**Q** 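To start, I am sharing the structure in question, which I have written as structure tokens.
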Amino acid sequence: MNPMDHGSFVTSTITHDPLTASSIFVYKGIAVKVGNEQQAVMTFDTDLLRVASAWTGGFLQWYLERDGLEDWPTPAGITHFETGNTPGWSIDGDFNDPRTWPYGPIPKEQGQYKGLYRHGEQVLFSYTFGSSDILELPGFDLIESRPVFTRTLNISPTQENLSLRVLQVPDSAKIEIQSVSQSSEYMVIQIGDQTRVVGAQGIPDGAEWRITKRHLILDFPETTETVRLKLAIGPILSGGETDYLASYLTNSSEVPDLSEFKEPGPDMMEMVETEAVMGDEDGPFTVDELTLPVPNPWNSFMRLTDVDFFSDGRAVVSSLSGDVWLVEGIKENLETLRWHRYATGLFQPNGVKVVNDQVYVTGRDQITRLHDINDDGYADFYENFNNEIMASINFHAFTMNLETDSQGNFYFAKSTPWPPYVRGEGPPKNAEITPHHGVLFKLSPDGKKLDIIAKGLRNPNGLSVGPDGEMIYADNEGNWVPTSKVHRIKEDGFHGFIPSAHQPSMPTSFESPIIWTPHYMDNSPAKPMFITSDQWPEELQDDILLASYGRANLSLILKEEVDGVWQGAHLNLPLMFKSGLERGRFHEDGHLYLAGMTSWQSIGQDWGSFHRVRYTGAPLNLPVEINTKAGGLELEFTQKVDPQTATNIENYQLQKWTYPWTSQYGTRGKLYSVDNPGETKPDPVKVESIRLSDDGKTIFLTIPALEPGIVHTSIGTLEDLPEMKEASLGLVMSISYQISTAEGVELSHMIHKTIHRVPSEGFAID
């Protein structure tokens, strides 16, 4: 069982059996605890606007695979009723599914989920169907020891006939309607020797019951007044026990105006204080730890996924377990931090963005805009800002990132399932590829227009939008991704992962990455971040920092543009963190804040972490430019280097290799020869001579093999793409050296330079 207190609801895909794909009963479900002691659960489907299931006995059963991420939770109790996997309402009475794919919401013009309100421990759903606005309050009562689930609805006036599916029943069931009062009645549903009673309070004139397509249906006529209806669904019993519901309906108070439940209920502000730890490294960068609130009153599983900031400096961090936290006490000299849980119950939030001091969160189900109606530090309205994304069942298909551009557009991406399955190519499995897998989305500032602007992404765990609108993302190794990489996004471009190419013919090329990262350097990169802080070195402005989930470190990408193509040099910074890193942003204080987590394939020691990286002003003792030239490489430092060590060829070790583009799952450390296709070992690179600039800060490595033009690499026979034997995948060149500065500081780095193009210009010696 999961000991975490998720609050009054949890959003998730929910299944009857975690090992069987066919047992999924809701892809985007909100499981709500109902009843005075929250001893029962009802699940609302935000795609199909239906109550999908109800049970008693426990909340959700969670599973351990990949730390609770691989298998979906199941009901931890006894199911009392369900509805089928088609819309919960209908205008024509047929309840046909209008969607082309069995994922994602029904069309907006038919119905749309608006969001949920928290009223204390109660949850109020808001949605539309046809021209009606509908509020629905799930509930539960024990009536003479019998479990009865309630659905209280307010349905605005409508010029259409509406039909509501209440629950599944056999087509052979028989109904006997018993009147209690002018507007209250109950149905005795006879199924063999078993009986279920369903009561209704506030039935409008002209409403009728029927059984169609194995469901109990309530048909409403058009109305000029708001319908206030309460349904009471009793259990299946042996025998003819029905009177208990008649007395319940007789003694029930008037069906309430549910708009009252939009107002926040009582909340107790509960802060958790931690003591930050200031870093004391003596190098150019130091790392502070913003200590997590572990333990905490809710046993919240702190796996941080993203961070952003309010205008007053407070941090907002999301956690994969469904929480959003506010962090106070951020100042130059960190001391006591105050944490409190702002929101919970979200569906694996993997991105958070603050816009005009309002919090937006990416989940697998939707982009949620959080509202704190009474300004008490707790989110009261979880608004559906946009839920058009399809949520299918494969655990690997995360919805990731949340960024904005200067026009206010939002950007986020969806991973591709593993293993991938394309419809029509063999039997369907848990990993069916939908049109929303492996793509980058652009969402308009008002949340109404969602577009796909790039394809061919595999596991885009990290996205940034630069000051000039350029977008970059990191992708993780796997099939069609021989090793991890960082890409510059080209709108309408294909970025290498064939299962999510979403085009009729197999691509034969893709957008070149800025860098390939060898497996031993980073098996799982996360967010690449443009350096934009004016408190960081001027020489690094507009270069890129790369957070690593797999290696729990931070690295530097020195980018270079040749003929419009970005390529770069990658080197690790000597910094370590307590968990794998996921996302980071620069604060108004000029420092970089990093949120992270650890799960499978990461060396992080803690489940989660929150850090700050400060530039101390000490000498960088790092290269700040590594540029490709016709006939060599140019390494520029901020300090003068020692001429004797810097010009000694024996102090340099260079190798080169490339990668294949195949359906095989990554290279797992294999480096493919450029000079001898088919061999899996790097080639030595000959440095003919070394020169030093007049100012002593730039080293010129003469490498005759670097000739102007596109770098073509011969990678041997490819089973998947034989026409790609001669490819423009570029090459990776490792550059190791042991030299020193003019002041005697040792410089020993391993740098990996990805080269796609060599310019026509050679060295300019000054």
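Below, all heavy atoms of this structure are taken into account, side chains as well, without hydrogens, waters or symmetry copies. Only a predicted model underlies this, so the values are computations on that prediction, with no experimental measurement involved.
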**Q** Specify the closest pair of heavy atoms between Pro704 and Lys686, including all atoms of both residues, with the distance to one decimal.
**A**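 Nearest heavy atoms, Pro704 then Lys686: CD-O, 4.3 Å.
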
**Q** May I ask you to check whether over 12 heavy atoms, not counting those of Asp282, lie within 6.0 Å of atom CG?
**A** no

**Q** Would you name the heavy atoms of Leu654 and Met733 that are closest together and state the gap between them?
**A** CD2-SD, 4.0 Å

**Q** Any salt bridge between Lys753 and Glu560, counting N to O under 4.0 Å?
**A**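 Yes, charged N to carboxylate O under 4.0 Å.
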
**Q** What closest approach, in Å, do Lys414 and Thr399 show between heavy atoms, and which atom pair accounts for it?
**A**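 Taking Lys414 first and Thr399 second, the nearest heavy atoms are NZ-OG1, 2.9 Å.
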
**Q** Let me have the donor-acceptor pairs involving side chains of residues 528-537, under 3.5 Å, with sequence neighbours excluded, atom names and distances please.
**A**
unit_1	atom_1	unit_2	atom_2	d
Ser533	OG	Gln535	N	3.1
Ser533	OG	Gly590	O	2.7
Gln535	NE2	Asp589	O	2.9
Trp536	NE1	Gly590	O	3.4

**Q** Determine, step by step, whether Glu477 and Asn523 satisfy the side chain to side chain donor-acceptor pair (under 3.5 Å) criterion, reporting the C-alpha distance in whole Å, the side-chain angles of both residues, the deciding distance to 0.1 Å, and the verdict.
**A** CA-CA 7 Å; Glu477 69 175 18; Asn523 65 312; over 6 Å; no

**Q** May I ask you to decide whether Asp451 forms a salt bridge with Lys442, counting only side-chain N to carboxylate O separations under 4.0 Å?
**A** no

**Q** Run the side chain to side chain donor-acceptor pair (under 3.5 Å) check on Ser673 and Asp683 step by step: do they pass?
**A** CA-CA 6 Å; Ser673 171; Asp683 306 308; 2.7 Å; yes

**Q** Listed by chain and number, what are the side chain to side chain contact (heavy atoms under 4.5 Å, CB included) partners of Gln644, not counting sequence neighbours?
**A**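 So Gln644 forms a side chain to side chain contact (heavy atoms under 4.5 Å, CB included) with Asp642.
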
**Q** Between Ser548 and Asp522, is there a side-chain donor-acceptor contact under 3.5 Å, judged purely by atom types and distance?
**A**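 Yes, because at least one side-chain N or O of Asp522 sits under 3.5 Å from a partner of the opposite role on Ser548.
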
**Q** Could you tell me how the ring of His611 sits relative to the ring of Phe577: parallel (under 30°), tilted (30 to 60°) or perpendicular (over 60°)?
**A**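 Rings of His611 and Phe577: perpendicular, as their planes differ by over 60°.
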
**Q** Using a strict threshold of under 4.0 Å (side-chain N to carboxylate O), is an ion pair present between Arg458 and Asp475?
**A**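 Answer for the salt bridge query: no.
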
**Q** Between His487 and Tyr473, does the ring centroid distance fall short of 6.0 Å?
**A** yes

**Q** Determine the interplanar angle of the Tyr737 and Tyr652 rings, folded into 0 to 90°, and report it as parallel if under 30°, tilted if 30 to 60°, perpendicular if over 60°.
**A**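 Geometry flag for Tyr652 against Tyr737: tilted rings.
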
**Q** Between Asn350 and Thr305, do the side chains contain an N or O donor and an N or O acceptor separated by less than 3.5 Å?
**A** no

**Q** Any carboxylate oxygen within less than 4.0 angstrom of a Lys/Arg side-chain nitrogen, looking at Asp306 and Lys353?
**A**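 No, no charged N to carboxylate O under 4.0 Å.
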
**Q** Hey, which of Phe510, Tyr659, Phe494, Trp661 is the one that makes ring-ring contact (aromatic ring centres under 6.0 Å, His included) with Trp480?
**A**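 Of the listed options, the one satisfying the test is Trp661.
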
**Q** Considering all heavy atoms of both residues, which atom of His437 and which atom of Thr434 are nearest to each other, and what is their separation?
**A**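 In this case the closest contact between His437 and Thr434 is ND1-N, 2.9 Å.
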
**Q** Side-chain donor-acceptor pair under 3.5 Å between Glu625 and Asn627, yes or no?
**A**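 Yes - a donor-acceptor pair under 3.5 Å links their side chains.
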
**Q** Take Asn648 and Glu650, measure what side chain to side chain donor-acceptor pair (under 3.5 Å) needs, and give me the verdict at the end.
**A** CA-CA 5 Å; Asn648 185 348; Glu650 298 299 321; over 6 Å; no

**Q** Think Arg585 forms a cation-pi with Tyr593, using NZ or CZ under 6.0 Å from the six-ring centre and within 45 degrees of its axis?
**A**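 Here Arg585 fails the 6.0 Å and 45° test against Tyr593.
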
**Q** Are side-chain N/O atoms of Glu388 and Asn386 paired as donor and acceptor at under 3.5 Å?
**A**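 Note: Glu388 and Asn386 side chains meet the donor-acceptor criterion.
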
**Q** Determine, for Asp542 against Lys559, whether the closest basic-nitrogen to carboxylate-oxygen distance falls under 4.0 angstrom.
**A** yes

**Q** More than 12 foreign heavy atoms under 6.0 Å from CD of Gln639: is that the case here?
**A** yes

**Q** Could you tell me which residues satisfy side chain to side chain contact (heavy atoms under 4.5 Å, CB included) with Pro643, sequence neighbours excluded, listed by chain and number?
**A**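 In terms of side chain to side chain contact (heavy atoms under 4.5 Å, CB included), with neighbours along the sequence ignored, Pro643 is linked to Leu692.
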
**Q** Between Ser415 and Asn459, does a side chain to side chain donor-acceptor pair (under 3.5 Å) hold up when you go through it step by step?
**A** CA-CA 5 Å; Ser415 297; Asn459 191 36; 2.8 Å; yes

